[in-house]
Amino acid sequence: MRASEYLIPTLRETPAEAEVISHRLLLKAGFIRKSASGIYTLLPLAHRVLLKIMNIIREELDRQGGQEILLPILQPAELWLESGRWDVYGPELFRLKDRHGRDFCLGPTHEEIITELVRGDLRSYKQLPLLLYQIQNKYRDERRPRFGLLRGREFIMKDLYSFDRDEAGLEVSYRKMFEAYNRIFSRCGLVFRPVEADSGPIGGSVSHEFMVLAGSGEALVLYCPHEECGYAANVEKAESRAVRPQVIEEPRPLELVATPDMRTVEEITAFLGVGPKNIVKTLLYETDRGLYAALVRGDRELNEVKLQNATGAVRLEMAGPETVQRITGAPVGFAGPVGLDGVELVVDEEVAFMVNCITGANRADAHYRNVQPGRDFSFDRVADLRLVQEGDPCPRCDRPLVSARGVEVGQVFKLGTKYSEAMGLTYLDEHGVERLVVMGCYGIGVTRTLAAAVEQNHDEHGIIWPVAIAPFTVVVVPVNVRDEIQVELAGKAYAALRDAGVDVLLDDRAERPGVKFKDADLVGYPLRVTAGKMAGNGLVELRVRKTGETRLLAVEELVEAVRAFLQA
RNA sequence: CGGGAUGUAGCUCAGCUUGGUAGAGCGCACGGUUCGGGACCGUGAGGCCGCAGGUUCAAAUCCUGUCAUCCCGACCA
């Protein structure tokens, strides 16, 4: 491929709209252009990267027995009504009508349509297990698209669905996919970590996310630094061992104290001269299952996902000031569990251990001191509600957890029978008994993986592609296109690499050398071959983008040197 | 959804306060000189100043509405 004939519209200045590094670099280096918010065109360079990532995915899924198909993106509402998600999915679902007024949506995921497909053709246990996947556009009307390719409204996703006879079969499929994902992201040259995750609105029980580690990542993960333990989880899922108070005090009698205008934990601690660990925060939530009061220690934050799981609520929202006033009889800031009626109490494990704590008194400008959980208020449920923080004890081995940021590029779920039950996907076992199919689903954000690779691999000059997914492995640069010797030698190097099966681009543009070098660094080809001053002696320069390491060698040695680099 | 900001040439931006009919740098085209880290000189093309109303003799500029884009937040009592 010749750069003079190839569309690589690099920019000298970074478009003002881009904030996140992958977004900036992909725009600047000529990989993508924006069409609308969260919707991008992928130019030739990005398309090449995408194809490489997709091929790695294909090879690894096929190795595990996956079969590729293509499912409709445009899907009839009936299927979504059948699964119940037409109403549950909310405004993120792109909905549209056809000319007859029938409802359709653009698929944000494909559980419904694939369940319908398999339902139509699955009869016998002999047809199971089945692993079907597709690599295709998905649509989600994100409430706030951002970060370029990292959170778009239109994106490319690989999704695989597994169909098994029973839980044991699902376990096998799940392990296969877990293994495939490890291999896929390793082969892409990315530093990543699988973590335990909440299964969220897709439903199901067990789930893992694959995180590409990058400081700019949206997702926070907590992991145990002790390798033999290996605990790692998304912050939404992460657990920590509940810490009991070190000093066990004698319970004292309940006492009402005036706390004029003291609403926040900081204000109370300062006013009463106590630590935040002595305070109980009472958080009121409105949910589709009614009102809940969640209690966590004053130094803790509530993990809403855990509350959601503890209550079984689908929608969950903090109560507004009017509701707080109505339920507690006090303005916001003075809610407490003592004498609180009309709401269900969910108490964090740590709160259940507390002695002589401070809570709101459900009246303006007052708190209770020496509140005793169980004595002064009874609670309906104890649960883990805490948002885990760095330094909290590992739930498995007690060592302090460490946090890291990452970009979620893949997630695997055990769906179980959620969809097969809702949509009647069954088979006959060897005894002629009708049984529900047990499903799993496994996604990889392909365009997001591309962006995550940039987030993780760049420097101040531009992108540094991992070799396996680089748009071109090598760029050959004749320094001066009017120097026939240089041009000829560059042509020779290019042809040799091309014939050796290397992905190589010849930068034959009539640009000054500085421009070509800057572009090469910006685009991020792993290797650059320069035909310049030493061309007269048949020597070219081989430069490694990542390290800047360069060496002179004869053009005849080039193919061997490049191969050695690729194998290293 | 709430808040903030911004829409002027392909990109980055100035001009707007104080209305008088549009500018710079980069990029692009052509000519010339250059050629190992985003060269220089000259010539030139390129703009319903986001869109729609309004005020005015006159609007990029003032007013109203609207659309788009970006950023922050989405409730820790």
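As the structure is a prediction and not an experimental result, all values here were calculated from the model.
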Residues two or more places apart in sequence or in another chain: which of them pass side chain to side chain contact (heavy atoms under 4.5 Å, CB included) with [X]?
X      : value
A:E488 : none
A:V235 : A:L220, A:L222, A:L387
A:D288 : A:A313, A:V314, A:R315

Mind checking what makes salt bridge (Lys or Arg N to Asp or Glu O under 4.0 Å) contact with [X], not counting sequence neighbours?
X      : answer
A:E255 : A:R369
A:R153 : A:D141
A:K281 : none

Task: Modelled atom types, side-chain donor and acceptor of A:E455 and A:S216, under 3.5 Å - done: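 Yes, because at least one side-chain N or O of A:E455 sits under 3.5 Å from a partner of the opposite role on A:S216.
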Open item on the list: Work out how far the C1' atom of B:A5 is from that of B:G44, and round it to whole angstrom.
Closed with: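 Between the two C1' atoms, the distance is 37 Å.
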Open item on the list: With rounding to the closest Å, how many angstrom separate the P atoms on B:A45 and B:G7?
Closed with: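 These two P atoms come out 27 Å apart once rounded.
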Open item on the list: I need a per-nucleotide contact map over nucleotides 68-77 of chain B, read 5' to 3'. Cutoff is protein heavy atoms under 4.0 Å; write B for the base, S for backbone only, - otherwise.
Closed with: -SSBBBBBBB
Atom pairs, N/O to N/O, protein against nucleotides 35-38 of chain B, distance under 3.5 Å?
{"from": "B:C35", "atom 1": "O2'", "to": "A:N480", "atom 2": "ND2", "distance (Å)": "3.2"}
{"from": "B:C35", "atom 1": "N4", "to": "A:R482", "atom 2": "NE", "distance (Å)": "3.2"}
{"from": "B:C35", "atom 1": "N4", "to": "A:R482", "atom 2": "NH1", "distance (Å)": "2.7"}
{"from": "B:G36", "atom 1": "N7", "to": "A:K533", "atom 2": "N", "distance (Å)": "3.4"}
{"from": "B:G36", "atom 1": "O6", "to": "A:G532", "atom 2": "N", "distance (Å)": "3.4"}
{"from": "B:G36", "atom 1": "O6", "to": "A:K533", "atom 2": "N", "distance (Å)": "2.9"}
{"from": "B:G36", "atom 1": "N1", "to": "A:E541", "atom 2": "OE1", "distance (Å)": "3.4"}
{"from": "B:G36", "atom 1": "N2", "to": "A:E541", "atom 2": "OE1", "distance (Å)": "2.9"}
{"from": "B:G36", "atom 1": "N2", "to": "A:E541", "atom 2": "OE2", "distance (Å)": "2.9"}
{"from": "B:G37", "atom 1": "O6", "to": "A:R528", "atom 2": "NH1", "distance (Å)": "2.8"}
{"from": "B:G37", "atom 1": "O6", "to": "A:R528", "atom 2": "NH2", "distance (Å)": "3.1"}
{"from": "B:G37", "atom 1": "N1", "to": "A:D521", "atom 2": "OD2", "distance (Å)": "3.0"}
{"from": "B:G37", "atom 1": "N2", "to": "A:F517", "atom 2": "O", "distance (Å)": "3.4"}
{"from": "B:G37", "atom 1": "N2", "to": "A:D521", "atom 2": "OD2", "distance (Å)": "2.3"}
{"from": "B:G38", "atom 1": "O2'", "to": "A:R12", "atom 2": "NH1", "distance (Å)": "2.9"}
{"from": "B:G38", "atom 1": "N1", "to": "A:D519", "atom 2": "OD1", "distance (Å)": "3.2"}
{"from": "B:G38", "atom 1": "N2", "to": "A:D519", "atom 2": "OD1", "distance (Å)": "3.2"}

Close N/O contacts between protein and nucleotides 43-46 of chain B (under 3.5 Å):
none

TODO: Just grab all the salt bridge (charged side-chain N to carboxylate O under 4.0 Å, His left out) pairs involving residues 29-43 of chain A, residues at least two apart or on different chains.
DONE: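 Sorted pair list: A:E17-A:K34.
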Task: Listed once per pair and sorted, the salt bridge (charged side-chain N to carboxylate O under 4.0 Å, His left out) pairs that draw on residues 263-277 of chain A, sequence neighbours left out - done: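 Qualifying pairs: A:D261-A:R263.
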Open item on the list: Tell me if the side-chain of A:E13 makes a donor-acceptor pair with the base of B:G25, cut-off 3.5 Å, by modelled atom types.
Closed with: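 Checked by distance alone, the answer is yes.
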TODO: Using the test ring pair (Phe, Tyr, Trp, His ring centres under 6.0 Å), find all partners of A:F472 that sit at least two apart in sequence or belong to another chain.
DONE: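 Listed in chain order: A:Y6.
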